[in-house]
Each structure stands twice: as C-alpha cells, then as structure tokens.
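All figures in this text were calculated on a predicted structure; none of them were measured in a lab. Count residues from 1 along the sequence.
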Amino acid sequence: MGGTRVIAAEDITGTWLLIERGASESAQGELLQRYGAQSEGMAIFSPDGWLSGIVCRSDRAPLPGNADWHADAPADARLAAFDSYVSYAGHWRVENDQLITKVRFALNPNWVGGEQVRDIELLADGKMRLVVTRVWPNGERVSVWLDWRRAD
C-alpha cells in the first residue's frame, strides 16, 4: 500500500481528525449500527513515539444519572456507551507502510500488551487512510478504512 513511496514516521507525526469511515460492503450495516452514519475521532502521533487515538459515534447519547459520574447509569446505557467508542494509546512505529502500535492503554482491556496494526496510505489530497483487516466472528474477512485530515 501507499504506492512506490515508502511512508516514514515523519509523514504522519502530528494531530489528525477523522473525516470518513467505511468498510467492506457486507460490513457497512454493522459499521453504521455501531458507529452511526457519521463517526468522529482524533489521532495524535507524537514525535517521541506515543499515539493516542479515539473513534466514536458523533451522536452518542448522554448517560442518565449524575453527569459527573457514570457508575450510577443503568448497565444497558453503559454498554451502549462502550460499544459506540473505541480508544487506545501506546508506542507507535511505521514499518513497511504499516502503523504498528504496542498498546499500553485501551478501552478494550484485551488489546493491552498486544499490537494494533493498520495499513497506511497517503492520499493525493494530503489525507491519510488507515486500514485494518480482520476476520470477524462469522468467519468473513473484513477491511475497515478510516480517512483522516491534519488538524488545523
């Protein structure tokens, strides 16, 4: 991916905002259900090798109960909040046009200690596309892509 030019860490260092998200055609329905018709997110790639990234629904419902505390919200509302938000952070590097993050912190505790791998494409319009391909529980191989633009 990424054409003939090799992508370097300097090409993606900085702050990026999510502008569009998509998936293999068969996965579009589930993608829209979980993250809504419009997702939002931010990824910060620091020059010292730290990454912090989030993606979520742009129309997440507020949790009922005390606005300063989430523990009093009903379990189904907390599950909906968890299922509409993903975040992780850790040390990142670029190898062979892939972003590899050794996860240190994550909303999903199963990711901590492992690596998250994304293919990187630098698009002609200055945007960046990150692509993750996984085998879903139904056995289907699905690619999900996220397009990002540099933050102002």
Side-chain angles (χ1 to χ4, degrees), residues 7 9 11-95 98-123 126-152:
I7 297 170
D11 294 325
I12 66 170
T13 299
T15 302
W16 297 78
L17 298 174
L18 182 66
I19 54 172
E20 192 173 2
R21 186 169 202 273
S24 305
E25 190 168 325
S26 62
Q28 285 293 334
E30 184 169 336
L31 181 76
L32 289 176
Q33 181 181 25
R34 175 164 285 179
Y35 293 104
Q38 181 62 43
S39 302
E40 57 186 356
M42 180 172 63
I44 302 170
F45 300 89
S46 72
D48 62 351
W50 282 93
L51 160 84
S52 179
I54 64 117
V55 173
C56 65
R57 289 181 71 108
S58 61
D59 61 349
R60 295 173 75 216
L63 291 172
N66 183 336
D68 294 329
W69 187 250
H70 66 275
D72 65 340
D76 61 337
R78 286 183 282 139
L79 177 60
F82 178 94
D83 272 352
S84 61
Y85 188 95
V86 64
S87 67
Y88 65 93
H91 286 99
W92 69 278
R93 66 188 188 278
V94 174
E95 292 179 7
Q98 289 188 316
L99 167 66
I100 303 166
T101 306
K102 176 72 172 170
V103 178
R104 174 97 181 262
F105 308 99
L107 179 64
N108 180 343
N110 294 344
W111 289 7
V112 175
E115 290 185 335
Q116 289 293 309
V117 179
R118 309 286 187 265
D119 293 326
I120 307 170
E121 298 175 43
L122 296 178
L123 306 177
K127 296 175 182 143
M128 172 178 63
R129 175 170 284 178
L130 297 178
V131 181
V132 61
T133 302
R134 292 199 171 117
V135 176
W136 282 22
N138 68 2
E140 181 181 4
R141 186 175 175 83
V142 173
S143 292
V144 175
W145 54 266
L146 297 93
D147 286 354
W148 304 83
R149 70 165 175 83
R150 289 196 178 272
D152 297 332

Rounded distance [0.5 Å steps], CD in Q38 versus CZ in R21: 11.0 Å
CZ on R129 to CD1 on I120, rounded to 0.5 Å: 13.5 Å
Member of T15, T101, L99, D11 meeting the side-chain contact (heavy atoms from CB on, under 4.5 Å) criterion with F45: L99
Point-to-point distance, once rounded to the nearest 0.5 Å, from CD1 of I19 to NZ of K127: 4.0 Å
Closest contact, heavy atoms only, L146 versus W148: O-CD1, 3.3 Å
Spatial distance of atom CD1 (I44) from atom CG (L17) [nearest 0.5 Å]: 9.0 Å
Side-chain donor/acceptor of W92 to backbone N/O of S46, under 3.5 Å: yes
Could you pull out all donor-acceptor pairs under 3.5 Å where a side-chain atom in residues 78-86 meets a protein atom, sequence neighbours excluded?
| residue | atom | partner | partner atom | Å |
| --- | --- | --- | --- | --- |
| R78 | NE | A73 | O | 2.9 |
| R78 | NH2 | A73 | O | 3.4 |
| S84 | OG | R60 | NE | 3.2 |
| S84 | OG | A80 | O | 2.9 |
| S84 | OG | A81 | O | 3.2 |

Atom pair CG (L122) and CD1 (I7), whose distance is rounded to the nearest 0.5 Å: 4.0 Å
Qualifying residues under ring-ring contact (aromatic ring centres under 6.0 Å, His included), relative to W111, sequence neighbours excluded: Y88
Side-chain donor or acceptor of D72 paired with backbone N/O of N66 under 3.5 Å: yes
Spacing of L130 atom CG and L18 atom CG [to the nearest 0.5 Å]: 9.5 Å
Partner set under salt bridge (Lys or Arg N to Asp or Glu O under 4.0 Å) for D68, not counting sequence neighbours: none
4.5 Å side-chain heavy-atom contact, W16 and M42: no
With sequence neighbours excluded, residues passing side chain to side chain donor-acceptor pair (under 3.5 Å) with Q116: R118, R134
Under the salt bridge (Lys or Arg N to Asp or Glu O under 4.0 Å) test, residues paired with E115 that sit two or more places apart: R93
Heavy-atom closest pair, residues A43 and L51: CB-CD1, 4.4 Å
Heavy-atom closest contact (V94 atom, A9 atom, distance): CG2-CA, 4.0 Å
Over all atoms of both residues, closest heavy-atom pair of V112 and A106: CG2-N, 3.9 Å
Partner set under ring-ring contact (aromatic ring centres under 6.0 Å, His included) for H70, not counting sequence neighbours: none
Over 12 non-hydrogen atoms of neighbours within 6.0 angstrom of CZ in R104: no
